[in-house]
Amino acid sequence: MLDSLNSLSGIPEYEVLPQKKAVQGGFLDAVGQAASLREVRTKETEQAQPASLEERLKAKYPNLAYHVFDASTSYWRTRNDYPHYLLYQQDIDTQALENWTPSGSNPFYGSVDGQFIAPKEIHALGSLPPGSKAVVIHPKVQQRMEEDPAYADEIMARIEGWWAFDIARNEAHYPGSTAMMSQSIAIGEDGSIVNVQASSPGRFTSSSSGEEDVVDFWELRLKRHAQFMKLRQEEQMEHSMAVSRQFAALGAAQAAKAQLAQMLDDGHLRQALGDTIAGVPTEEVFALTRQDVWGAGSSTSLVG
């Protein structure tokens, strides 16, 4: 600063008192060094401070919705009209969802005479963006994680462990079924998994009927023949494609079962998931999974 002022005023630099320049220059340098040191220390502190669970999850799953409230309600599992779809939204009334109670009997969800019937909440789940993720953390767990980064690591492993296991067991049943699956999970007051949910976009079809136009007999015969030939070609193509899909599905199923077997035998996954999952002992969940995938009385060694 002094040098630039001297050059602008035309005063030679040697006319400035040496001691004064040295003292002022040293002070300015010291101030600059102190400021730089504070900046470096601030950056080091920011880098040393671990990211929160929410930050880490959203870095891995950009569209993830993260909420803090008590979601241990049994309605999550027992009611077809529980508004799970709200969990996947970024800004929701968490208090209203925490205190949600049903009105009336549990609405029907299923098929009747080939027609799919579901409450509006199920339809809303079917319209979620593919691969949506939602996490609900109990307030006490959130507070403990903020005070104890190691505990946040434990909860992170629990959430991701369940999602990976849920995908693996569904793939073992139906290869390719989880490509667009959405998943939500709730962590309770004690840090355990108290509720889980998963869904895939629904496939809805509609049909309409109308009167057939009256046409000439020969014209109708020609149309039917053309339609028959077209259907025959489509059936042949579909058969060839079905055979290819069967071989591909068989290989995918074997791979999915092998991965699932490895996960079931992995002590680290069992430890990460904790003792219970939605109130059911984790060992029981594993046993039911083995039974569903490989049959009663089977073990994971029966892969294939």
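This structure is a prediction, so every number in the text was calculated from the model and none was measured. Residue numbers count from 1 along this sequence.
Atom-to-atom distance recorded for L97:CG and T73:OG1 is 9.0 Å, nearest 0.5 angstrom. For the atom pair S184 OG and L125 CG, the distance stands at 8.0 Å (nearest 0.5 Å). Here H138 contributes atom NE2 and I187 contributes atom CD1; the two are 11.5 Å apart, rounded to the nearest 0.5 Å.
No hydrogens or angles considered: a donor-acceptor pair under 3.5 Å links the side chains of Y61 and E160. Side-chain N/O atoms of Y151 and E146 include no donor and acceptor closer than 3.5 Å.
The backbone N or O of Q89 sits less than 3.5 Å from a side-chain atom of H67, completing a donor-acceptor pair. Of the possible donor and acceptor atoms, none in the side chain of E284 sits under 3.5 Å from a partner among the backbone N and O of P281. For the pair H84 (side chain) and W76 (backbone), a donor-acceptor distance under 3.5 Å is present.
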### Task
Evaluate side chain to side chain donor-acceptor pair (under 3.5 Å) for Q183 paired with Y88, printing each intermediate quantity in order.
CA-CA 9 Å; Q183 295 174 292; Y88 296 92; over 6 Å; no
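Within a 6.0 Å radius of CG in D292, other residues, nucleotides and ligands contribute more than 12 heavy atoms.
Put simply, W162 and V280 are part of the same group of oily side chains (I, L, V, M, F, W, Y) that touch within less than 4.5 Å, one to the next.
With respect to the salt-bridge test (charged N to carboxylate O, under 4.0 angstrom), the residues R270 and E283 qualify. Residues R56 and D153 are paired through a salt bridge, judged by an N-O separation under 4.0 Å between the basic side chain and the carboxylate.
Of all the heavy atoms in V136 and A71, the pair that sits closest is CG1-CB, 3.5 Å.
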